[in-house]
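The structure appears right after this line, and notes come after that.
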Amino acid sequence: MVAKVKKVGLPPLNVAESLYVTELVRGLITTNRHFWRNWFRRKDTATLEYPDKRRPYSARWRGLHRLMLRENGTPRCVACMMCSTHCPAGCITIVAREHPDPAIEKVPASFEIDLLKCIFCGFCEEACPCDAIRVDSGVHAPPVYGRDEAIIDLEDLLSRGSQSTAKQGGRNL
Amino acid sequence: MPVVTIDSRQVDVEPGTTILKAALKLGIDIPVFCYHDGLPVAANCRMCLVEVKGSPKPLPACEVQVRDGMEVLTRSQVALDARKAVLELILLNHPVDCPICDQAGECVLQDHYFEHSATPSRIQVSKVHKAKAVPLGPNVMLDRERCINCTRCVRFCREVSGSRQLTQVHRGNHTEIAVFPGRQFDDPYSLCAVDLCPVGALTSRDFRFRQRAWSLESSPAICPECSRGCNVLADAANGRLFRIRPRNNPDVNRWWACDHGRLAFRRFEERRADRSLVDYKPQPPTRQATLEAADVAAGRLQAIRSNGGRILLVLSSMLSLEEGFAALRFASSILGEKLVLLAPRGGGTADSLLRTADSNANRSGLTRLAAALGLETADLAGFFASPSAAEVAGLVSAGAEYEVPPLPAGARISEAVAFSHCLDAVADKATVLLPIPGHFEKDGHYANCDGRVQRSASAIAAPEAAVQLHVLLSRIASKMSGTLGYGDMTSVRSAALSLSGTGEGSNA
Ligand code: SF4
Ligand code: SF4
Ligand code: SF4
Ligand code: SF4
Ligand code: FES
């Protein structure tokens with residue numbers, strides 16, 4: 001079905017509006033009303049004194065991804081690429097390499113997430129068979145000056161990592 | 001002829017047919033692990049067990065031959081239970097480390113488990129563990145835990161490649177695949193064992209961990225590494241080739257292809273000509289720049305022609321019939337030559353299975369094409385050594401990878417225009433280099449050592465600056481105030497194929 005597009009123009013200004021000064025004064029009245037109301041009666045103030053006061057986060061807030069660690073501090077990730085396969089945004093790029101310990105066998109050589117593409121859905125976390133990636137750090141995506149800076153790498157992901165209590169698969173299961 | 005009833009349907013088959021083949025005739029699929037069309041029957045995995053009326057036990061369909069009046073049930077409770085039990089046994093000690101297993105996604109064990117078992121393991125004790133990531137040879141890695149002891153790899157080395165390098169050692173739970181002490185698995189066809197392995201026990205060391213199987217897209221191509229023209233699948237992802245696997249063609253290569261051919265594809269990435277060069281100076285990597293460089297080449301060739309100079313075509317034996325046709329036609333109608341110089345690639349070694357000593361993909365096809373167009377052919381090196389070489393003023397080289405012989409004594413070659421996909425010795429000598437698509441980047445036909453014409457499909461996209469040879473040649477022809485008459489691929493292809501004769505039993 002083709003959506004119908006209705007074009008609307010700007011409503012024409014009346015004489016008072018077109019004078020500019022009247023509208024400026026009206027705007028200043030509104031600003032002053034809020035200013036003095038906030039000054040004397042602090043009940044219904046819409047703004048918070050950030051960063052001294054903060055709003056509580058929703059329990060569902062995820063924040064940046066992190067990569068979890070084994071007991072010896074090495075990444076749990078085995079570069080299986082389940083997360084990158086499952087990611088609806090296609091924003092995870094993993095390059096795998098051989099691990100010197102054949103019992104671990106495979107680890108990521110690089111692990112990159114493009115935060116500009118990520119929709120923070122958490123599918124990567126659900127797809128991971130190793131409890132290696134989590135989207136639960138609560139950290140905001142940092143502001144960046146260029147698109148390249150919005151790609152976070154293995155080191156950054158591991159820096160937020162911690163030990164998982166889940167048993168890692170493989171030997172003696 | 002015996003008539004058998006399989007799942008209450010009757011089929012009439014040759015005496016000596018196995019139940020598996022008879023069922024296949026009816027379109028009934030029986031799951032297998034150890035059976036392979038190209039190997040002798042071992043019947044050791046028991047995945048193919050079916051119920052046969054009157055037999056006290058289920059029988060392996062891959063081995064048991066049909067009798068007249070036999071009644072087979074492939075989906076009865078007995079058969080289904082047998083399959084489930086076999087899978088439970090195989091999975092008893094299987095590590096199931098699919099996340100790090102390269103076979104995942106194309107694993108027969110995964111598929112059979114989902115279809116015929118899908119029940120959790122009941123094992124209470126620790127699994128038997130074995131060595132992982134054991135390099136068996138230069139190209140093959142073994143994971144002993146994942147092996148299901150189907151012996152396909154052992155039978156391949158014994159019966160097909162004849163190297164007899166693999167064997168089974170120990171017994172029961174501890175059975176392992178091994179090479180003889182002090183030896184390694186360096187069979188020139190070792191990667192075929194990787195293909196045959198139904199699980200991730202044998203993996204390719206070259207492909208290992210580079211991509212997951214499901215991210216690859218396969219295109220039916222022809223291996224360019226020798227004149228056998230093995231049918232292969234070129235697996236690519238994100239515009240790059242990752243793996244070459246044989247594609248079954250009963251008349252050419254059956255299920256096999258040599259390691260050499262399968263691993264040679266990376267040379268197409270190395271030293272890729274991704275922009276044109278004019279007087280050794282790189283031009284922008286765009287299609288437009290290539291076309292402009294072609295105009296420069298046309299002007300210079302025309303100048304030689306108007307001075308009465310002789311320009312010869314050098315044709316690489318690696319080009320497709322389409323490219324060869326365009327180049328040969330250019331030589332005869334634009335350069336006005338009766339002679340073309342064939343430049344074959346050297347360095348082939350024959351083996352007893354498939355590989356031939358001729359390392360050219362299309363020598364027979366291009367020779368036939370030249371003859372059909374009424375052109376004489378001479379060998380490049382031989383011609384350069386002859387006295388008539390001194391008359392040549394310009395060269396047009398189509399294709400690459402041949403050895404450049406020493407220039408003829410007293411040569412006054414002022415222009416060498418090369419159409420090439422790579423920056424090799426030929427490109428080093430070219431005054432104008434025009435990039436064309438490489439082997440896996442183009443759709444083309446090749447005639448193998450037996451004259452069979454086969455189609456190779458493109459698997460990846462060519463770099464932006466690479467332009468098809470017939471497009472460049474028609475442009476140059478029109479600038480040299482002539483016409484090639486074959487500006488589009490359809491007409492080039494039909495002319496090339498009708499002239500070269502698609503040959504007996506060709507799969508063009
Ligand atoms: S949160 Fe969703 S979009 Fe972001 S990386 Fe994970 S799967 Fe991809
Ligand atoms: S984070 Fe998890 S799902 Fe992603 S590659 Fe690593 S182990 Fe696999
Ligand atoms: S061989 Fe198959 S079942 Fe076994 S670990 Fe590999 S993918 Fe999984
Ligand atoms: S290594 Fe593979 S092909 Fe060889 S016996 Fe084991 S499972 Fe079969
Ligand atoms: S396929 Fe028949 S026993 Fe293995």
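In what follows, chains are A, B, ... by sequence order, proteins preceding strands, each numbered from 1.
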Steps toward side-chain contact (heavy atoms from CB on, under 4.5 Å) verdict (A/Glu98, B/Met141): CA-CA 12 Å; A/Glu98 198 96 22; B/Met141 192 78 99; 3.7 Å; yes
Cationic N near anionic O, under 4.0 Å, B/Arg146 to A/Glu105: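 Yes, charged N to carboxylate O under 4.0 Å.
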Value rounded to 0.5 Å, distance of CG in A/Asp101 from NZ in B/Lys132: 11.0 Å
B/Asn238 CG to A/Thr93 OG1 distance, which is reported to the nearest 0.5 Å: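 Interatomic distance, B/Asn238 CG to A/Thr93 OG1, rounded to 0.5 Å: 8.5 Å.
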[atom1]/[X]: more than 12 non-hydrogen atoms of other groups inside 6.0 Å:
| X | atom1 | value |
| --- | --- | --- |
| A/Glu23 | CD | yes |
| A/Arg26 | CZ | no |
| A/Phe123 | CZ | no |
| A/Arg37 | CZ | yes |
| B/Glu115 | CD | no |

Contact class of B/Arg210 relative to chain A, heavy atoms under 4.5 angstrom: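 Neither part.
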Minimum-distance pair of heavy atoms, taken over all atoms of A/Met82 and B/Pro99: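 Here A/Met82 and B/Pro99 meet closest at CE-CA, 4.5 Å.
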Minimum heavy-atom distance between A/Val78 and B/Ile100, given as atom pair plus value: CB-CG2, 3.4 Å
Under 3.5 Å donor-acceptor, B/Arg212 side chain and A/Met81 backbone: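 Answer holds: no.
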Min side-chain heavy-atom separation A/Arg97-B/Phe209 under 4.5 Å: no
Contact origin within A/Ile94 toward chain B - heavy atom pairs under 4.5 Å: neither
